[in-house]
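Here is the structure we will look at.
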Amino acid sequence: NMKVAVVGATGLVGGEILKVLAERNFPVSEIIPVASERSIGKKISFKGKDYTVVGYETAISMKPNVAIFSAGGSSSLEMAPKFAEAGITVVDNSSAWRMDPTKKLVVPEINANTLTSADKIIANPNCSTIQMVVVLNPLHKKYKIKRVVVSTYQSVTGTGKAAVDQLFDERAGKEGAKVYPHKIDLNVLPHIDVFLENGYTKEEMKMILETKKIMMDESIQVTATTVRIPTIGGHSEAVNIEFENDFDLAEVRAIFEKEEGIIVQDDPTNFVYPMPITAHGKDEVFVGRIRRDESQKNTLNVWIVADNLRKGAATNAVQIAEYLAANNLI
């Protein structure tokens, strides 16, 4: 049994981490909910028992085996090393450590086997990257990917509670705080995170760089356009994949059906395809609209959907902790 600290326990992802830990029966002896000063003293419920939210230093003194962070990049940069120095393994949901060459960036289905007990800060990838690479990886093994073109349709939940509030305030015709530079209800924003000098957003560059790192292949070329849409429940992605080798569509479907963590929903004649409304609350990655790109050889189109708060964040982090626990690495 393990002491588990959840850092950022009062946030959207923090709440989801607690839910996933309970649902998956992670071997928890004690939950240590951690948050910023303004939340210290609040109560968090886990498996029918109330726990008091504590600050960072108190949490470190309680010596958890693992700390799952979802408190933002600046908090992670400051506090994750302090937890690590105390011998506590950190699984971090922010972007703070993802591209640090000394830190592992892990999707358990792909590269958990690279982890060792010496990895004290482990990065959880970006939500939109996670669901894409779960689908890409088995195809890369079989056909070798040359290039990926991805356009995303991302839920407001990826921005946090304030963004969800903005959407529902607008839908109800109420004035409220604005997270986005434009109205989000009945609108589409081709803008996630900040714009960079190359014209891409930070979210788009995360997908490009993280894909190569997770799949351990710098030769994979990726280009991305990331878009915010007025929905909750999950992120959707239209992905165009060019391979070095040709493929058979029936074999592609068989590969997906055998892969743990992937569910195929691909019966368009009966209107069966992945949607956020049906992926919501689920841990799997859903794939459909599987078809050949008839404009270019050796190229496949797929549509990928996953709950960004689950597999895109909380579930992936808990799965990393499960792997560490199962292999006596914490």
Side-chain angles (χ1 to χ4, degrees), residues 1-94 96-97 106 108 112 115 117 119-125 127 130 157 160-161 281-283 307-330:
N1 281 347
M2 298 193 176
K3 284 187 183 179
V4 180
V6 177
V7 180
T10 56
L12 264 186
V13 176
E16 209 65 33
I17 290 166
L18 291 163
K19 194 188 298 184
V20 173
L21 285 166
E23 287 176 3
R24 295 175 70 92
N25 286 314
F26 189 84
V28 176
S29 60
E30 183 181 354
I31 279 287
I32 304 169
V34 189
S36 60
E37 262 182 49
R38 67 179 178 273
S39 294
I40 292 173
K42 287 183 178 178
K43 297 291 184 183
I44 290 288
S45 180
F46 179 76
K47 286 192 169 183
K49 184 177 175 184
D50 284 344
Y51 294 86
T52 302
V53 174
V54 300
Y56 291 99
E57 300 298 339
T58 301
I60 291 169
S61 72
M62 294 171 77
K63 299 194 181 307
N65 300 86
V66 62
I68 304 178
F69 270 57
S70 186
S74 57
S75 295
S76 292
L77 284 171
E78 180 186 357
M79 298 308 304
K82 294 184 179 180
F83 278 73
E85 285 161 16
I88 301 159
T89 300
V90 171
V91 180
D92 180 51
N93 263 299
S94 81
W97 306 100
V106 175
L115 292 170
S117 57
D119 293 308
K120 287 301 176 193
I121 298 177
I122 300 161
N124 205 45
C127 47
I130 290 173
T157 56
K161 183 181 181 299
K282 310 244 180 14
D283 288 332
D307 186 325
N308 56 295
L309 297 183
R310 301 278 299 200
K311 183 56 180 170
T315 302
N316 198 76
V318 171
Q319 286 174 318
I320 292 170
E322 287 172 344
Y323 181 89
L324 295 169
N327 290 277
N328 299 313
L329 300 176
I330 50 175

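In what follows, every heavy atom counts, from backbone to side chain, and hydrogens, waters and symmetry copies are set aside. All residue numbers refer to positions in the sequence shown, counting from 1. Owing to the predicted nature of the structure, the values given are computational and were not obtained by experimental measurement.
- In this structure the side chain of I32 never reaches within 4.5 angstrom of the side chain of V4, judged on heavy atoms.
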- request: Step by step, work out the side chain to side chain contact (heavy atoms under 4.5 Å, CB included) result for I31 and L21.
  value: CA-CA 10 Å; I31 279 287; L21 285 166; 3.9 Å; yes
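- Taking 4.5 Å as the limit, every side-chain heavy atom of I320 sits out of range of all side-chain heavy atoms of I68.
- If you take CH2 on W97 and CZ on F69, they are separated by 10.0 Å, rounding to the nearest 0.5 Å.
- A heavy-atom distance below 4.5 Å is found between the side chains of K19 and R310.
- In this structure, the side chains of V53 and V34 stay at 4.5 Å or more apart for every pair of heavy atoms.
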Which pairs of donor and acceptor atoms, one on a side chain in residues 76-87, lie under 3.5 Å apart (sequence neighbours left out)?
{"residue": "S76", "atom": "OG", "partner": "G72", "partner atom": "O", "Å": "3.1"}
{"residue": "S76", "atom": "OG", "partner": "D92", "partner atom": "OD1", "Å": "2.5"}
{"residue": "S76", "atom": "OG", "partner": "S94", "partner atom": "OG", "Å": "3.4"}

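- Among residues two or more places apart in sequence or in another chain, the side-chain contact (heavy atoms from CB on, under 4.5 Å) test is passed with A314 by E16, I17, V20.
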field: Trace of the side chain to side chain contact (heavy atoms under 4.5 Å, CB included) decision for K311 with K282
entry: CA-CA 8 Å; K311 183 56 180 170; K282 310 244 180 14; over 6 Å; no
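- Between the side chains of T157 and N308, at least one donor N or O lies within less than 3.5 Å of an accepting N or O.
- Every residue two or more places apart in sequence or in another chain that forms a side-chain hydrogen bond (donor to acceptor under 3.5 Å, both in side chains) with N124 is listed here: N93, N316.
- Residues T89 and N65 form no side-chain contact, since every pair of their non-hydrogen atoms from C-beta on lies 4.5 Å or further apart.
- In terms of heavy atoms, I88 sits closest to P64 at CG1-O, 3.3 Å.
- For A67 against V7, the heavy-atom pair with the smallest separation is CB-CG2, 4.5 Å.
- For the pair I122 and V90, the minimum side-chain heavy-atom distance is 4.5 Å or more.
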query: Stepwise, does the side chain to side chain contact (heavy atoms under 4.5 Å, CB included) test hold for M62 with E30?
result: CA-CA 10 Å; M62 294 171 77; E30 183 181 354; 3.3 Å; yes
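- Annotation for V106 and A112: closest pair CG1-CA, 4.0 Å, computed over non-hydrogen atoms.
- With sequence neighbours excluded, the residues forming a side-chain contact (heavy atoms from CB on, under 4.5 Å) with S29 are N1, K3, listed by chain and number.
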Donor-acceptor pairs under 3.5 Å, side chain of residues 321-330 to any protein atom, not counting sequence neighbours: which ones?
{"residue": "E322", "atom": "OE1", "partner": "R24", "partner atom": "NE", "Å": "3.4"}
{"residue": "E322", "atom": "OE1", "partner": "R24", "partner atom": "NH2", "Å": "2.9"}
{"residue": "E322", "atom": "OE2", "partner": "R24", "partner atom": "NE", "Å": "2.8"}
{"residue": "N327", "atom": "ND2", "partner": "Y323", "partner atom": "O", "Å": "2.9"}

Side-chain donor-acceptor pairs of residues 35-48 under 3.5 Å, sequence neighbours excluded:
{"residue": "K43", "atom": "NZ", "partner": "T52", "partner atom": "OG1", "Å": "2.6"}
{"residue": "K47", "atom": "NZ", "partner": "N25", "partner atom": "OD1", "Å": "3.4"}

